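Structure first, commentary second.
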Amino acid sequence: MKRINFRAVHMLFWTVFLISRSILLAQHADSTSHQIHLKTFVEKDNVALNEEIIYQVELSWQGELDRYTIKDVGDPIVSNLTLRGSGSSNQLITDDQGQPKSIRRVTYYFKAIEMGMAYIDGLTIEYKDNLLKKTETLLAQRISVKIGEPTASMDDEFVPGTIMLWLLLAAFFIAVIYFLVRYMQRRQVDETDEVPITLEQKYLTLLRDTIHLTSGARKEIISELKKLLNSYISEKFSIPGNVDSAIVRDRLAELNIPQDMILKIETMYSKAELASFAGEEIEISELHLFYDSIEHVLETIDKNEQEK
């Protein structure tokens, strides 16, 4: 009968233990590295009766905006306050380590009813972790605001006292009218001398003003890039109906666009189709490449047209 090597069994046990512990720690680190942080505050906790109370709800987490789905926050329960309005915004930034950080803000605007103490009760915020498929809730703390006596408004403080004040006001309005007339005259002269912009310059302006790569909606961005280039080719060559990638490729070749740039444009069309019909994800680096490619194509055509 063979003797059991207890030393080998002991080392095997510890090896299995350490591996299991490492896996559990890695899973725990992944689950905690994407926690949502909730911060609520008022911009001033001591306000006058006729001033506005601004209440901020801020949710932030490491990662992209689509990591979490935040359900409708709703309106908080308040005492001695009335809600005037609210608004929300999403922001994607880069932290000190170069990692993406998402921020969602909800802002509420209140008016006080009477002097004394006002309260904003804690909100219950529900969110879904789209990666772990879990739904969690966060609870905001109650906040108090002291409402003091109303401050004097500009209407209360302004009392026209002397003839000199009225003369100064009259001189001011005359000066405003004079400079306004001069501005309109100069603008009319500038418009007559203005050089009309080219079609390429028009679409470069549209590209830079309407397509923002930091909005987070990558599938919509690549679709908008494709539509912009289709619209340009359609207008440039007076093509009725739909414009597809084959037409774009042939027309760009006619405009003496280099083959490597045409290949990048064809890749953009392929990626847009896969994102639309197969749900393929688009990398932010790819969006920058496609954006720069369209910009370069339009600038190249504009330069070639000007040199003719």
Side-chain angles (χ1 to χ4, degrees), residues 30 33-34 36 59-72 88-95 98-104 127-135 200 202-237 239-253 255 257-301:
D30 181 69
S33 62
H34 290 91
I36 289 186
L59 296 155
S60 62
W61 61 89
Q62 293 295 133
E64 301 290 342
L65 287 165
D66 57 1
R67 171 62 197 269
Y68 294 100
T69 300
I70 310 297
K71 297 198 175 179
D72 184 21
S88 63
S89 65
N90 293 317
Q91 186 180 13
L92 182 65
I93 63 174
T94 302
D95 62 14
Q99 300 298 318
K101 181 179 180 181
S102 300
I103 300 173
R104 181 177 183 187
Y127 67 92
K128 179 181 179 183
D129 188 323
N130 294 320
L131 182 60
L132 301 179
K133 308 300 182 184
K134 290 170 50 179
T135 299
E200 289 72 28
K202 167 188 169 182
Y203 276 89
L204 279 169
T205 301
L206 285 173
L207 176 70
R208 292 160 183 164
D209 291 349
T210 62
I211 297 180
H212 307 286
L213 301 181
T214 58
S215 67
R218 300 178 185 177
K219 294 179 182 178
E220 288 78 3
I221 291 172
I222 195 171
S223 177
E224 291 300 320
L225 287 171
K226 186 181 75 169
K227 289 178 182 176
L228 185 140
L229 188 54
N230 285 349
S231 178
Y232 166 73
I233 293 296
S234 176
E235 189 170 350
K236 180 75 173 178
F237 292 94
I239 300 173
N242 294 329
V243 174
D244 57 23
S245 59
I247 294 175
V248 172
R249 179 195 60 215
D250 294 341
R251 294 299 185 271
L252 290 180
L255 293 167
I257 297 300
Q259 187 61 33
D260 62 329
M261 193 59 61
I262 295 176
L263 288 175
K264 292 177 183 178
I265 296 299
E266 288 184 315
T267 302
M268 181 191 73
Y269 277 85
S270 299
K271 282 286 185 178
E273 292 297 321
L274 289 172
S276 177
F277 298 106
E280 182 172 310
E281 292 296 326
I282 307 295
E283 298 295 332
I284 188 66
S285 59
E286 293 177 315
L287 288 180
H288 281 282
L289 174 65
F290 300 146
Y291 183 100
D292 293 342
S293 298
I294 293 176
E295 186 177 45
H296 181 69
V297 164
L298 292 172
E299 289 175 346
T300 301
I301 296 170

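A quick note: this is a predicted structure, and the numbers were derived from the prediction, not measured.
Residues E200 and K236 meet the side-chain proximity criterion, which asks for heavy atoms closer than 4.5 Å. Residues Y232 and K202 have side chains not in contact (no heavy-atom distance under 4.5 Å, counting atoms from C-beta outward). Side-chain atoms of R249 and D244, non-hydrogen and from C-beta on, never get closer than 4.5 Å to each other. Residues R104 and Q91 form no side-chain contact, since every pair of their non-hydrogen atoms from C-beta on lies 4.5 Å or further apart. Counting heavy atoms from C-beta outward, R251 and I239 have side chains that approach closer than 4.5 Å.
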Distance-only check: which donor-acceptor pairs under 3.5 Å involve side-chain atoms of residues 284-296, not counting sequence neighbours?
{"residue": "E286", "atom": "OE1", "partner": "E283", "partner atom": "N", "Å": "3.0"}
{"residue": "E286", "atom": "OE2", "partner": "K271", "partner atom": "NZ", "Å": "3.2"}
{"residue": "S293", "atom": "OG", "partner": "L289", "partner atom": "O", "Å": "2.7"}
{"residue": "E295", "atom": "OE2", "partner": "R208", "partner atom": "NE", "Å": "3.0"}
{"residue": "E295", "atom": "OE2", "partner": "R208", "partner atom": "NH2", "Å": "3.1"}

Would you list the atom pairs, donor with acceptor, under 3.5 Å between side chains in residues 220-227 and any protein atom, with sequence neighbours excluded?
{"residue": "K226", "atom": "NZ", "partner": "E273", "partner atom": "OE2", "Å": "3.3"}

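More than 12 non-hydrogen atoms from other residues, nucleotides or ligands lie less than 6.0 angstrom from CG of D95.
If you take CG on L204 and CD1 on I301, they are separated by 9.5 Å, rounding to the nearest 0.5 Å. One finds the OG1 atom of T94 at 9.0 Å from the CD atom of Q99 (value rounded to the nearest 0.5 Å). Taken from CZ in F237 to CG in D250, the straight-line distance is 10.0 Å, to the nearest 0.5 Å. Atoms CG and CG, from L207 and L229 in turn, are 10.0 Å apart once rounded to the nearest 0.5 Å. Put simply, CG on N130 and OG1 on T135 are 9.0 Å apart, with the number rounded to the nearest 0.5 Å. Between the CG atom of L131 and the CG atom of D66 there is a distance of 10.0 Å, given to the nearest 0.5 Å.
Judged purely by atom type and a 3.5 angstrom limit, S276 has no side-chain atom pairing as donor or acceptor with the backbone of A272.
Under the side chain to side chain contact (heavy atoms under 4.5 Å, CB included) test applied with L252, the options T300, I262, I247 reduce to a single match, I262. Between L65 and the options I70, I103, L92, a side chain to side chain contact (heavy atoms under 4.5 Å, CB included) holds for only L92.
Listed here is the closest heavy atom pair of S102 and G63: OG-O, 2.6 Å. Nearest heavy-atom pair, P100 versus Q62, reported as atom, atom and distance to 0.1 Å: O-NE2, 3.6 Å.
Note on residues 257-277: no pairs pass ring pair (Phe, Tyr, Trp, His ring centres under 6.0 Å), not counting sequence neighbours.
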